[in-house]
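What follows is one structure encoded as structure tokens, with my remarks underneath.
Below, chains carry the letters A, B, ... as their sequence lines are ordered, and counting in each starts from 1.
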Amino acid sequence: MLRSFLVMKRYFPKEIELKWQQKWQESNLYQAPDSSPKPKKYILDMFPYPSGDGLHVGHFKVYTSSDILARYYRIKGYNVLHPMGWDAFGLPAENYAIKTGIHPAITTAKNIAHIKKQMQQTGLSYDWSREINTTDPNYYKWTQWIFLKLFEKGLAYEAEAPINWCPSCKTGLANEEVVNGKCERCGTPVEKKLVRQWILRITYYADKLLEGVQNLDWPRFIKDMQINWIGRKEGINITYKVQGSDQEVVCFTTRPDTNFGATFIVIGPEHPLINKITKKEHLDEVKKYVSQTINRSEEERIAQGRAKTGVFTGSYAINNLNGKRLPIWVSDFVLGNVGTGAVVGVPGHDIRDFEFAKEFSLPIIRVVVGKDKDTSEITTAAQVQEKEGVITNSEFLDGLDIHEASTVIMDHLEKRGWGVRVVEYHLRDWIFSRQRYWGEPIPLIHCPNCGIVPIPENQLPLKLPEVKEYEPTGTGESPLAQVTDWVNTTCPKCGGPARRETNTMPQWAGSCWYFLRFIDPHNQEKLVSSEVERYWMPVDWYIGGAEHAVLHLLYSRFWHKVLYEIGVVSTPEPFQKLSSVGLVLAADGRKMSKSLGNVVTPDQIINKYGADTLRVYEGFMGPFENTISWDPTSINGVYKFLTRIWEVMSSEYIDSLANSKIEVVLNKLIVKIGNDIENMKFNTAIASMMEFTNLVYHEKLTLDQKKRFLIVLSPFAPHMTEELWQMLGQPYSIHQQAWPEVEDKYLQEEQIMVVIQVNGKVRDQLLIDREMIQDKELILSQAQKSPKIQKFLDGKEVKNSVYVPGKVLNFVT
RNA sequence: GCUGGUGUGGUGGAAUGGUAUACACGUUGGACUUAAAAUCCAAUGGCCUCUGGCCUUGUGGGUUCGAAUCCCACCACCAGCACCA
């Protein structure tokens, strides 16, 4: 019996999408309760900075993907937390304020409204009752509270340090914010500047951050980036006496095994020993060199490349091992902030030392013989054996592998008191203060009597005051310094006159812990209540861009470890699983940017095709992690696919199972979609739904088949499936249904195609009943009857035959 | 230079030891239309002596009955780090 609808409606996404978005909101469909008999799933997007340009389709690849996951896990029976908020402190709003005089809070609010609308019209299933904004005093109260905890624990310290300074942004930067010697944000070459700073001791956590990252379910490349950034290396500090002086020079090395090959020592231009050991006749030259190199910008340093420069101090150090004199040179290839700022030169087995020795005609000694067995004098860079080999010319180390030799010599040096084993890191402490307005005020007071005094917790939040001038001062103070009635205050300890700290926190502060506030966003008493924190943490699946691999993702892990130690959170790591989205480039292959005029916004796509088409296309473009150019023509195919589904689903249905092939395909499809979503393989999930649609386009389905198909499609196209669900007379809402069950008997076809090969080449296929599939003899004899096979076996002796049940039979002749 | 990754049609890609090129775009032809769009149908890796056959997953080798998939070497590209001792 056929059933038909009274009216066959055409697919008009605009009509249905807004209607359901409103209905979902009214019925609080996506609110997550804080307790539930269901298992929990915390699915989190990296929250956006509310830029005035709004968001483009690249941002929405993240949001639609995580939304598919959130919707999928809801119908799989999980209590899903899927929130959204705004990382709203930062330079663009402040720069706009400088230009226009409009307060950043006003522009920020406007931008948020726009972006929120973009998200809502895409049908993203966020729990908006948990929305947060890092610039809300009720939020940054807790950012400041965490800072006070860091201060209490001695993890925040004040120092006047030469730091990376962006002359355009007029603020200091963290090491992580300097990319190729340039400001991460604006691209201006970074300078060195002596500025009073608040610095966080992230280096105390280097080993914990390193260990913790090992077991996380994160992309390998991001884990490696963090491991490399932390840059742990084990070595030894060797002390050398300076001849004819009571001074000593300490050199860090990871390769003490080659120390018999040392022929010189190089110290960096910042090294304090320079003034103490430089001989009179070299003084002028050394002074000139130091002043030339020390004030150079990062950009100039990079421009110099590997070319070696340097000057001799006139002094010599003594190598304890063999009594040799090592001339002490000054060179800028030795960096002041790496190791001890002094290096022992082993030009035979270190390419930089080799280049330096060549430049200044210093002796080169071979102490390692590599795989190539070359024992000749080292005269070319190609002969410099750095990584492997056996020690030679080194007394008691001779004949040892370099790694064994390393242990032997370190023991030897430590025993004689000539060296101490040490661990060095690439990671530096986090330059935490910014000399800008639009950030969290640092809740500290400078008192002439008591020194630095934290603001009492009950006085938080310390609100950001209004200012007249947003322009950064460039002096190392923020524009807050001009708000005298705010700056001048009384000391909480002694009650005397005191000054507030005027620096603000960096962009990264608010995002270091926001995932905790989503759990308990309205709590006035605590950052997060322990009960709900234990229920929801850790974040089960975190989704965002790889540009945060060593910034946000390292900083937030650091704060989380501190919060873990003081008992605020129950997990040592915040993000259990991380997926990294690939860039979406413009159709021209360049980055989408307003200035290039190649930006595609979700609004444009939704106006033309509807939100469901945008969502499905974002998933269908290619693998989630791939960099892909936006293709404005391909999207038609997705729209066509959805229109076809509409036609199939809104047409007549049949009561009985007429076609068991469709049932088999549908059951397999249900399994495949589930697996694909869990592995973020949305492109193949959608492709298989397209195949299904093409298969049934001229067929009739049963009501139950339609319902099951709509449920598995619903995470991708939530509006259309909700509408069709209603048209099929089903109760609201499709998004509260359970994932369809599959039946084992429908997971296999009645007959299975077996490929017949001769010598590995496909020559024929046989359709075999499922019950016969294990019977090799039967299939062998059937295959031999095939004329196509006979043709290739003719006149040849079959030496062997390999049968893989249900797949392939291969004759070997 | 170091670390990690990737190489498949005109394009995005599928297949992780068993029919390479699923799905989609694009292109070509056809149907419908006065016409166009939309839609539908068909074809679409290359070559040849074309009812058939040969070749093809960056290049060269290897393992295997069988390799895009595993191993070795090389080449190219992408990302990150980089005079890190």
Side-chain angles (χ1 to χ4, degrees), chain A residues 179-181 219-229 231 233 235 251-256 258 265-266 268 301-302 304-309 331-335 337-346 350-353 355-356 381 386-387 424-426 546-547 549-550 580 582-583 617 620-623 625-641 643-644 647 681 683-694 697-698 753-765 788 791 798-813:
Chain A
V179 179
N180 291 327
R220 172 105 161 260
F221 82 102
I222 293 187
K223 286 166 85 160
D224 285 347
M225 277 167 77
Q226 291 218 348
I227 292 165
N228 291 339
W229 190 261
K233 38 188 181 267
C251 299
F252 174 73
T253 178
T254 55
R255 291 295 307 280
T258 58
I265 278 174
V266 189
R301 199 182 61 76
I302 289 165
Q304 184 183 316
R306 298 187 64 90
K308 296 290 179 291
T309 60
S331 174
D332 60 355
F333 86 84
V334 175
L335 307 174
N337 58 357
V338 176
T340 57
V343 166
V344 55
V346 183
D350 180 289
I351 198 75
R352 295 171 311 252
D353 295 349
E355 287 161 358
F356 192 77
E386 285 187 304
K387 295 225 143 127
E424 280 282 334
Y425 299 90
H426 173 258
E547 69 271 20
V550 288
S580 162
L583 271 180
Y617 183 62
F620 187 62
M621 282 167 68
E625 62 284 351
N626 279 24
T627 298
I628 296 173
S629 295
W630 184 261
D631 182 350
T633 55
S634 288
I635 199 163
N636 283 316
V638 168
Y639 183 70
K640 204 162 82 181
F641 160 61
T643 309
R644 279 170 157 241
E647 287 170 27
K681 293 172 76 174
N683 56 330
T684 52
I686 293 160
S688 56
M689 285 190 280
M690 286 173 169
E691 277 181 83
F692 179 79
T693 310
N694 293 341
Y697 190 54
H698 297 294
M753 192 72 81
V754 174
V755 169
I756 313 300
Q757 301 179 329
V758 177
N759 291 327
K761 292 199 187 224
V762 179
R763 298 301 180 188
D764 201 1
Q765 320 177 322
K788 287 183 190 170
K791 196 173 124 189
V798 175
K799 285 185 190 150
N800 192 13
S801 61
V802 180
Y803 177 58
V804 182
K807 288 198 167 154
V808 67
L809 172 68
N810 189 15
F811 291 99
V812 186
T813 65

Side chain of A/Asn683 (C-beta onward), nearest among B/A14, B/G18, B/C41: B/A14

Any donor-acceptor pair under 3.5 Å linking the side chain of A/Asn228 with the backbone of A/Gly231? no

Applying a 4.0 Å non-hydrogen cut-off, can you work out what A/Asp224 is touching in the nucleic acid: base, sugar-phosphate, or nothing? sugar-phosphate

With respect to A/Tyr803, which candidate in A/Leu809, A/Val808, A/Ile756, A/Asn810 satisfies the side chain to side chain contact (heavy atoms under 4.5 Å, CB included) definition? A/Leu809

Any donor-acceptor N/O pair, A/Arg644 side chain to A/Tyr639 backbone, under 3.5 Å: no

Ignoring hydrogens and geometry beyond distance, is the side chain of A/Lys799 in donor-acceptor contact with the base of B/C65 at under 3.5 Å? no

Quantified in whole Å, what is the P atom distance between nucleotide B/U11 and nucleotide B/G18? 26 Å

Mind checking A/Lys788 for me? I need base, sugar-phosphate or nothing, with any heavy atom below 4.0 Å counting as a touch. nothing

What contact category does A/Asn810 fall into here, base, sugar-phosphate, or nothing, at under 4.0 angstrom with non-hydrogen atoms? base

Mind checking if A/Leu335 touches a base, just sugar-phosphate, or nothing, with heavy atoms under 4.0 Å? base

Nearest-nucleotide comparison on RNA chain B, the residue closer to the 5′ end among A/Asp353 and A/Val179: A/Val179

So what does A/Val804 hit on the nucleic acid, given a heavy-atom distance under 4.0 Å: a base, only sugar-phosphate, or nothing? base

Is B/G9 in the syn range, within 90° of 0, or in the anti range? syn

Proximity to the side chain of A/Phe221 - top-ranked nucleotide from B/G4, B/C25, B/A85: B/G4

Can you tell me how far P in B/C71 sits from the matching atom in B/G4, rounded to whole Å? 14 Å

Whole angstrom is fine here: how far is it from CE in A/Met621 over to P in B/G12? 12 Å

Using a 4.0 Å heavy-atom cut-off, does A/Val334 contact any base of the nucleic acid, only the sugar-phosphate backbone, or nothing at all? base

Specify the separation, in whole Å, of atom CE of A/Met225 and atom C1' of B/A82. 13 Å

What is the distance, rounded to the nearest whole Å, between atom CZ of A/Phe252 and atom P of B/A85? 7 Å

Could you check A/Tyr697 against A/Thr633 and say which one's nearest nucleotide on RNA chain B is further toward the 5' end? A/Thr633

Base, sugar-phosphate alone, or nothing: which one does A/Arg306 contact when heavy atoms must sit under 4.0 Å apart? base

Less than 4.0 angstrom between a side-chain N/O of A/Lys681 and OP1 or OP2 of B/A15, yes or no? yes

Proximity to the side chain of A/Phe620 - top-ranked nucleotide from B/C23, B/G13, B/C65: B/C23

At under 4.0 Å, does any side-chain N or O of A/Arg220 touch on OP1 or OP2 of B/U3? no

Does B/G1 have a Watson-Crick or wobble partner in any strand here, with both distances under 3.5 angstrom, and which is it? B/C81

Of the options B/A85, B/A24, B/G52, whose atoms approach the side-chain atoms of A/Asn694 most closely? B/A24

With distance as the sole test, does A/Thr254 use its side chain to make a donor-acceptor pair with the main-chain N or O of A/Gly235 at under 3.5 Å? no

Select one nucleotide: of B/A82, B/G12, B/G18, the one nearest the side-chain heavy atoms of A/His426. B/A82

If pairing means Watson-Crick or G-U wobble with both distances under 3.5 Å, then the partner of B/C40 is B/G30

Would you call the rings of A/Phe356 and A/Phe333 parallel, tilted or perpendicular, taking 30° and 60° as the class edges? tilted

Please classify the nucleic acid contact of A/Val755 as base, sugar-phosphate, or nothing, using heavy-atom distances under 4.0 Å. base

Are A/Met621 and A/Asn683 packed together at the side-chain level, in the sense that at least one heavy-atom pair is separated by less than 4.5 angstrom? no

Does B/C40 have OP1 or OP2 under 4.0 Å away from a side-chain N or O of A/His698? no

With sugar-phosphate meaning primed atoms plus P, OP1 and OP2, does A/Phe641 contact a base, only sugar-phosphate, or nothing at under 4.0 Å between heavy atoms? nothing

Could you work out the separation of B/U57 and B/U8 based on their C1' atoms and round it to a whole Å? 4 Å

Short side-chain to backbone donor-acceptor contact, A/Asn759 and A/Thr813, under 3.5 Å: yes

Nucleotide paired to B/A24 in any strand shown, Watson-Crick or G-U, under 3.5 Å: B/U11

May I ask you to say what A/Ala307 touches in the nucleic acid, namely base, sugar-phosphate or nothing, with a heavy-atom cut-off under 4.0 Å? base

Describe the nucleic acid contact of A/Lys640 in one word from base, sugar-phosphate, nothing, applying a heavy-atom distance below 4.0 Å. sugar-phosphate

Among B/G26, B/A85, B/A20, which nucleotide sits nearest the side chain of A/Val338? B/A85

A/Glu424 near the nucleic acid: base, sugar-phosphate alone, or nothing, with a heavy-atom cut-off under 4.0 Å? nothing

Rounding to an integer number of angstrom, what distance separates B/U56 and B/A73 when you compare their C1' atoms? 22 Å

Quick one: is the NZ or CZ of A/Lys233 closer than 6.0 Å to the six-membered ring centre of A/Tyr425, and within 45° of its axis? no

With rounding to whole Å, what would you report as the distance between B/A67 and B/G62 at their P atoms? 12 Å

Quote, to the nearest angstrom, the P distance that separates B/G52 from B/A14. 33 Å

What integer number of Å spans the P atoms of B/C23 and B/C41? 13 Å

Describe the nucleic acid contact of A/Gly235 in one word from base, sugar-phosphate, nothing, applying a heavy-atom distance below 4.0 Å. nothing

Just checking A/Asn759: base, sugar-phosphate only, or nothing, at a heavy-atom cut-off of under 4.0 Å? nothing

Applying the 3.5 Å cut-off to both distances, the Watson-Crick or G-U partner of B/G18 turns out to be B/C65

If B/U51 has a Watson-Crick or G-U wobble mate with both distances under 3.5 Å, name it; if not, just say none. none

Distance below 4.0 Å between A/Lys761 side-chain N/O and B/C55 OP1 or OP2: yes

Quick one: does A/Glu424's side chain have a donor or acceptor within less than 3.5 Å of a partner on A/Val338's backbone? no

Nearest-Å distance once atom C1' is located in both B/U51 and B/G7: 38 Å

